[in-house]
Amino acid sequence: MPKNGNSVAPARVRFSPSPTGLTHLGSARTALYNYLFARKTGGVFLLRVEDTDQKRYDPAAEQDLISSLKWIGLSWDEGPDVGGPHKPYYQSQRKEIYRKHAEGLIKKGKAYYCFCSSEELKVVREAQQKRHEQPHYSGKCRNIPVEVAEQRVQAGESHVVRFKTPKKGSITALDLLRGEITVENSKVDDMVLLKSDGHAVYHLATMVDDHLMQITHVFRGEEWLPSLPLHAHIYEAFGWQQPVWVHLSVFLKPSGKGKMSKRDTAEARLTGKSIFMKDLADMGYLPEGVTNWIALMGWSYDDHTEFFTMKDLIEKFELAKLNPSPASIDFKKLDHFNGLHIRALPQKELAKRLVPYFQKAGYHVAAGQLAPIVPIIQTRMTTLDEGPQLAGFFFKEEVKPPPEMLVGKGMTAADSAGALIKALGIIEVLPEFNAASAEEPMRAVADELSLKAGQLFGILRNAVTGQEVSPPLFESMEIVGRDTVIARLQEAIAALETMGEGRKAA
RNA sequence: GCCCCCAUCGUCUAGAGGCCCAGGACGUGGCCCUUUCAAGGCUAAAACCGGGGUUCGAAUCCCCGUGGGGGCACCA
């Protein structure tokens with residue numbers, strides 16, 4: 001058994017999800033680690049679709065899976081869409097392979113036909129639960145002579161194939177993060193390998209595929225840890241060498257108590273957070289930010305850097321720094337990483353990525369129009385959908401702030417209108433109009449009127465942008481352009497004047 | 001009920017017997033910068049689950065307890 005988890009030998013790893021729902025954080029992280037390890041070692045990363053449960057398989061989920069993995073920047077060398085030497089990569093199309101392997105096990109006396117019905121099994125299970133026993137197969141069909149069993153199968157009797165777990169002794173399996181895990185064989189159940197519909201169950205299909213596809217390292221969720229002993233037995237029964245097992249801890253909900261439930265997930269979505277990749281993309285998170293974030297939930301790199309691009313991750317990733325303890329999801333940290341990656345984006349690229357979010361908000365702009373505003377909003381966003389909130393006013397015909405908003409702090413409407421008139425007069429005659437040329441004269445206006453710069457600038461900001469919070473005033477005015485600034489100031493003055501005299505701002 | 005796993009600031013984590021009266025990051029408070037909001041800089045508070053061992057010495061090793069998580073299907 002290979003013991004060195006950090007072997008530099010090229011690894012063959014796989015991500016093999018069962019497409020039954022939207023791709024979430026946990027799956028994405030498992031896929032990511034697989035990918036990183038493959039790229040790090042110069043090995044192969046393959047994608048395999050575990051669709052042996054016909055009832056739960058959902059083609060839409062498979063679409064979501066592919067797009068989610070691609071979104072975070074993963075690519076695979078073998079898989080359903082790209083083919084490869086071990087195709088097919090859909091388990092449903094590998095039915096025959098599993099059947100043959102199951103029969104091989106029967107011939108070796110390591111598996112057997114079982115004719116117990118689901119109803120029968122259910123009754124037994126319930127009785128066991130009542131007696132506070134761990135539910136397990138009774139063993140009723142375990143010792144039916146093979147010839148007899150085969151006759152019944154030939155006769156068309158409904159059956160499954162079960163693994164024949166040794167009843168005595170114990171088995172020790174090795175998990176890379178936890179070391180040896182030893183379990184009494186009496187605790188390992190005779191699990192079904194082949195269902196009555198002829199499809200293999202995970203325990204058979206995955207072991208067979210991983211072996212056939214020469215998988216060297218298996219990264220999977222911790223929920224598989226309890227069946228690791230079974231899997232070790234199956235490998236032994238076949239006489240195969242086991243891969244290096246790496247069980248990744250689960251993600252807990254933000255409180256740290258328990259894993260995300262359906263209700264938690266729904267609640268998170270309401271507040272602009274989600275564990276689904278698709279939602280995160282819609283909400284304006286960058287794939288780079290999400291990737292950086294999930295990479296660090298269960299893995300660390302100890303030189304105190306936390307900002308990683310995919311390239312960095314491939315370079316730095318190592319098995320030895322994987323952490324077996326469960327981590328709770330912290331969306332605040334996602335915001336932090338997302339902000340970091342937004343700021344790290346080249347301006348042209350950021351403009352391009354902002355386009356869909358502006359369009360979704362109703363501003364039909366192209367990247368070229370966004371280019372000049374990117375520099376003044378780049379440090380002000382944590383998600384891309386904040387772009388339009390912050391800079392939508394650049395593309396509005398009219399901003400129409402409510403008149404109360406135009407009254408300066410501690411000033412009357414008349415004072416405010418007066419200040420605006422004065423400012424307007426200067427703006428109209430400035431030889432050049434840009435951020436640098438407008439600021440000093442405006443400060444002078446404030447001085448002259450014995451106002452604080454902030455008082456005047458506040459009124460100007462509200463008049464020009466229609467927002468209390470905006471990118472820097474003078475840069476914004478420059479981009480908006482002198483004509484529009486003048487028009488908006490005139491509208492503001494008119495609005496203030498109709499407000500009447502002497503009314504103070506609230 | 002049975003089996004398995006995990007356990008350092010609120011959260012993510014560093015720490016593989018002395019380098020630790022425990023370091024970093026997020027978040028939180030304060031200060032600086034500042035026309036708003038951010039970003040940035042500085043700074044503060046904040047943790048080794050409990051009890052027994054082992055050892056000259058334990059956050060680090062062992063045992064027990066407690067807490068948390070996972071599993072116990074003809075689902076994966």
Side-chain angles (χ1 to χ4, degrees), chain A residues 16-20 50-53 55-56 91 114 116-118 121-122 125 128-136 158-162 175 177-178 181-184 187-189 191-197 199 201-203 205-206 220-229 247 249-250 252 254-259 293 296-307 320-321 323-337 339 343 376-382 386 390 439 442-443 446 452-458 460-462 465 467-474:
Chain A
S16 50
S18 184
T20 56
E50 314 228 325
D51 57 347
T52 53
D53 186 345
K55 294 179 284 285
R56 296 201 313 149
Q91 288 191 329
C114 169
C116 297
S117 69
S118 300
L121 260 20
K122 199 177 153 201
R125 188 160 44 235
Q128 288 167 336
Q129 275 164 345
K130 225 168 237 167
R131 276 179 269 134
H132 299 301
E133 285 172 18
Q134 176 166 354
H136 62 279
S158 177
H159 64 279
V160 300
V161 174
R162 282 181 186 277
D175 172 79
L177 310 185
R178 292 161 253 261
I181 293 167
T182 301
V183 171
E184 296 298 316
K187 298 290 180 191
V188 184
D189 203 5
M191 296 300 287
V192 168
L193 260 23
L194 231 45
K195 297 183 265 189
S196 55
D197 67 2
H199 276 289
V201 130
Y202 176 95
H203 302 124
T206 300
R220 48 155 37 169
E222 196 185 7
E223 67 272 18
W224 290 111
L225 207 50
S227 34
L228 178 59
H247 293 90
S249 62
V250 292
L252 271 25
S255 66
K257 306 266 182 194
K259 64 170 194 173
W293 179 50
L296 256 16
M297 296 176 70
W299 175 81
S300 65
Y301 184 69
D302 66 348
D303 76 344
H304 290 163
T305 63
E306 292 205 329
F307 178 89
K321 304 296 287 184
N323 187 158
S325 54
S328 47
I329 296 167
D330 182 1
F331 288 110
K332 282 265 177 54
K333 198 135 189 176
L334 169 59
D335 284 342
H336 170 249
F337 281 120
R343 277 167 254 140
I376 58 172
I377 62 171
Q378 188 160 22
T379 61
R380 277 165 250 265
M381 293 183 287
T382 58
E386 285 168 7
L390 208 53
E439 180 164 351
M442 288 304 110
R443 284 186 189 278
K452 286 191 174 168
Q455 285 177 293
L456 207 221
F457 293 178
L460 287 172
R461 161 173 292 106
N462 294 342
T465 69
Q467 300 172 187
E468 299 269 12
V469 172
S470 82
L473 214 214
F474 298 104

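Everything quoted here is computed from the prediction, not taken from an experiment. Within every chain, numbering begins at 1; the chains are lettered A, B, ... in the order of the sequence lines, protein sequences first and strands thereafter.
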A:Arg178 side chain near B:rG70 phosphate (N/O to OP1/OP2, under 4.0 Å): no
Within the sub-3.5 Å range, which N or O atoms of nucleotides 10-15 of chain B have a protein N or O partner, and how far apart are they?
{"unit_1": "B:rU11", "atom_1": "O3'", "unit_2": "A:Ser328", "atom_2": "OG", "d": "2.7"}
{"unit_1": "B:rC12", "atom_1": "OP1", "unit_2": "A:Ser328", "atom_2": "N", "d": "2.9"}
{"unit_1": "B:rC12", "atom_1": "OP1", "unit_2": "A:Ser328", "atom_2": "OG", "d": "3.2"}
{"unit_1": "B:rC12", "atom_1": "O2'", "unit_2": "A:Leu296", "atom_2": "O", "d": "2.9"}
{"unit_1": "B:rC12", "atom_1": "O2", "unit_2": "A:Lys333", "atom_2": "NZ", "d": "3.4"}
{"unit_1": "B:rU13", "atom_1": "OP1", "unit_2": "A:Gly298", "atom_2": "N", "d": "2.9"}
{"unit_1": "B:rA14", "atom_1": "OP1", "unit_2": "A:Ser300", "atom_2": "OG", "d": "3.2"}
{"unit_1": "B:rA14", "atom_1": "O3'", "unit_2": "A:Lys321", "atom_2": "NZ", "d": "3.4"}
{"unit_1": "B:rG15", "atom_1": "OP1", "unit_2": "A:Lys321", "atom_2": "NZ", "d": "2.6"}

Touch class at under 4.0 angstrom, heavy-atom based, for A:Thr305 against every strand present: nothing
Summary of protein contacts for nucleotides 35-46 of chain B, nucleotide by nucleotide, where a base hit scores B, a sugar-phosphate-only hit scores S (4.0 Å, heavy atoms): BBBBSS------
Interatomic distance, A:Ile181 CD1 vs B:rC6 C1' [rounded to whole Å]: 11 Å
Sugar-phosphate only, base, or nothing, as touched by A:Val192 at under 4.0 Å among non-hydrogen atoms: sugar-phosphate
Side-chain (A:Trp293) to main-chain (A:Asp330) donor-acceptor, under 3.5 angstrom: yes
Pair A:Lys259 + A:Glu223: basic N to acidic O under 4.0 Å: no
A:Lys452 atom NZ, neighbour heavy-atom count above 12 within 6.0 Å: no
Nucleotide opposite B:rU34 in a Watson-Crick or G-U pair, distances under 3.5 Å: none
Side-chain N or O of A:Lys130 closer than 4.0 Å to phosphate OP1/OP2 of B:rC2: no
Residue list, side chain to side chain donor-acceptor pair (under 3.5 Å) with A:His199, at least two apart or on another chain: A:Gln54
Min side-chain heavy-atom separation A:Leu177-A:His247 under 4.5 Å: no
N/O (side chain, A:Lys332) to phosphate O (OP1/OP2, B:rA25) under 4.0 Å: no
Base-pairing assignment for B:rA46 (Watson-Crick or G-U wobble, both under 3.5 Å): none
